[in-house]
Every structure is written in structure tokens, then in C-alpha cells.
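Have a look at the structure below before the remarks.
Just so you know, ligand 1 is whichever comes first in the structure, and atom 1 is the first atom listed for that ligand. None of these values were measured; they are calculated from a predicted model. Sequence positions, counted from 1, serve as the residue numbers for this chain.
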Amino acid sequence: METILAVAEAKDGNVRKISYEVLTAARSMSSGGQIVAILLGSDSHEHADSLGEYGAKTVYLVNTQNEVGDTSVLFAEALQQLIEQIRPNAILMPHTALGKDVAPRVAARHGLGLVSDVIDIQIVDGEVVFTRPIYAGKAFEKRKMTSGLPFATIRPNNIRPERTTHTEVNKVDLKVHRKDLRTVVKEVVRKTTSTVDLTEAKVVVSGGRGVKSSEGFKLLQELADLLGGAVGASRGACDAEYCDYSLQIGQTGKVITPDLYIAAGISGAIQHVAGMSNSKVIIAINKDPEAPIFQIADYGIVGDLFEVIPMLTEELKQTLT
Ligand code: FAD
């Protein structure tokens, strides 16, 4: 492929890890072509350099953070301009909240098809074949474009980011025409105070209805903090108001792939499993030995989480200090 457009994201002053995963995926498709990146949310040239380390030859920088405007509408506008300018042969974007918002807008504007939540890319007989999970992760389907160009969003934490030797980057500040902005962001209210982003955390300690209260979630937070991880939750726990919906993992929540997932007091409903079954190691703590979560767990602890979690935390404190 001659030109692949890889969309990267910056958040809170940092390039998100998924950006490097998208670039790595783009390289796997390119076979000698050039990779052009667009970084949404930052105009830092330092950030552009980091994208160069993962294969981007040219990086277009778009920063709207200090301006009034609906960022997803504006970013879609930026992408539309860039697509018209460089005419890429394929487009890859992160399957993040922003990517899920921007990608369909871009697809609609250009009359393109879009394959979302892709976990693997292969070139078969010269054609790009995308693999994505279906039926809440119970099966996988392979898709290819029958018209237009390959356009996909990539699920975070599935493709291992790989650096290249290439470091020279051509940096371009993209000036976005502000036309037709029908919505604007007035204010952003953060729901969670955790410093670790749940979708990028290497360790996630999740609680379900078995945690019984918001007080109970403090036990999970303590363990997560010790492990440098984030706290997640089942919808059962969110519905019971033990924690915020922004922590929900699953089919209608966040899809995560941490190195370690600890599920405490979670039964393991299919809708929950859809969001965490690709975790590298799963530890389940549940007092019911028949709980379905044990079917997908690498390690199962049958017991009361209010005994097990404090024991684990204490043991880790001894080991880590
Ligand atoms: P429960 O099923 O009530 O399980 C609680 C578990 O805690 C039990 O296994 C129990 O044995 C254990 N337990 C209790 N006390 C203790 C203790 N002291 N120590 C140890 N273990 C204990 N759910 C999601 O999570 N994410 C989603 O995205 C999602 N999307 C959905 C979408 C749709 C359309 C629908 C219909 C449902 C969805 N659900 C989702 C809900 C899902 O079906 C389950 O209802 C939910 O996951 C159950 O949450 P839970 O495991 O915390 O609660």
C-alpha cells in the first residue's frame, strides 16, 4: 500500500499507547509504503517525534484543547481535510471513545465502509482482511472491503507496539476550517479521579455486586494502587451505585485487555466477559464455586473477597516494601 493514514490520540498531555499500536498495525499492512499519522489533541512536536519512532514519516498535528468546539466534530473535519489532501489507501484509527465518535463521521462524509473493533489484520492474496469479535466475544469474523478503501478502528491492547529504526519525522500543523460546527463542548466534567486510565491499565482490579458497597470498592482501590493498576466494575456493581458507570467493563462498558485482571465478587455473565476475556491472566475471587467466572479464570480463589482481598493486599505490601 502506498499511503496508510494512522490516527493517533493525545490525552492529558500524553500520546495514548493505542496510537503506537495503530502505527504498528499500519506497518503490518504497508509493505514498503509510507505511513502518515495525524495526532488528535496535541500540537507538540515532541509527540510527533515519538510517533516517528513507531513508523510515521509525516505527522499532522491538530490541537483543539484550548478552544471552544466539539472536538469530535472538529477532528472529523480535520480528518476529512487530510484525506482529501493525501488520498490514503487505507485508514486506521483507535477504537477508543474518541475513535468510535470520529470514525463513523469520517466514513459517512467520504461514503466509506468501516470495520470497527478490529483485533487482527492480515493480507490475504493482496487484500486486507480484518478480524473482529462478535456475539460478545464468543466468535470472530473476518471482513474485507468490497469497495472503497480499508478503514478500521483498532481495539486497544491487542497489537504489541513495536518501534522502528526510522526517526526522522516531517511535522505539519494542520489548520482546520471551522465550518458547520453544529455542536460545541461547553465544559468537561471528569468522573473518575484515578490516575491510571482503565483502558490502558496493565492491571485491573474489578468488583461486582459481591463487593456490596462503595466502601467495599475502597478495598479494591487499595489493591489496585499497590499494583499500579486501575479499578473496574461489573454492571451489577454500577447499577447498585457502588461505583461510577465509567468503571463498567463489558459489552455495554469498556473493553479491556490488561496483563492481569482480578475479578472480585463478579459472577461472570457473558456481557461482562465480553469486556475482559482477552486479559492475559485472569484471577477470580468468588465464594460460589459454581460461578461462571471460574470457567475463564486462569486462577480461581473460592472464598469471601472481604477476607481474600485484605490478605492479598497485606502480602503484597510485605513483598513490595
Ligand atoms: P451478580 O451476577 O449478582 O454476581 C455477584 C457475584 O458475587 C456472585 O457470583 C456471588 O457468588 C459473588 N459474591 C457475593 N458475595 C461475595 C463475597 N463476599 N465474596 C466473594 N464473592 C461474592 N454486565 C457487565 O458487567 N457489563 C456489561 O457491559 C453488561 N452489559 C449488559 C448488556 C445487556 C444488554 C444486558 C441484558 C446485561 C448486561 N450486563 C452487563 C449485566 C450482566 O448480565 C450481569 O447482570 C452483571 O454482569 C452481573 O454483575 P455481577 O457479576 O456483579 O453480579
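- Near ligand 1, residues G208, R209, G210, K212, S234, R235, G236, Q248, I249, G250, Q251, T252, G253, G265, I266, S267, A269, Q271, H272, N286, K287, D288, G303, D304, L305, F306 come within 4.0 angstrom through at least one heavy atom.
- Judged as a salt bridge (Lys or Arg N to Asp or Glu O under 4.0 Å), and not counting sequence neighbours, the contacts of D117 are R155.
- Under the 4.5 Å side-chain contact rule for hydrophobic residues, Y299 and L305 share a cluster.
- Between the side chains of Q122 and T131, no donor-acceptor pair of N or O atoms lies under 3.5 Å.
- For the 3.5 Å distance criterion, the side chains of Y54 and S19 fail to qualify, holding no donor opposite an acceptor.
- No side-chain heavy atom of N170 sits under 4.5 Å from any side-chain heavy atom of V59.
- Using a 4.5 Å heavy-atom threshold, the side chains of Q295 and V273 count as separate.
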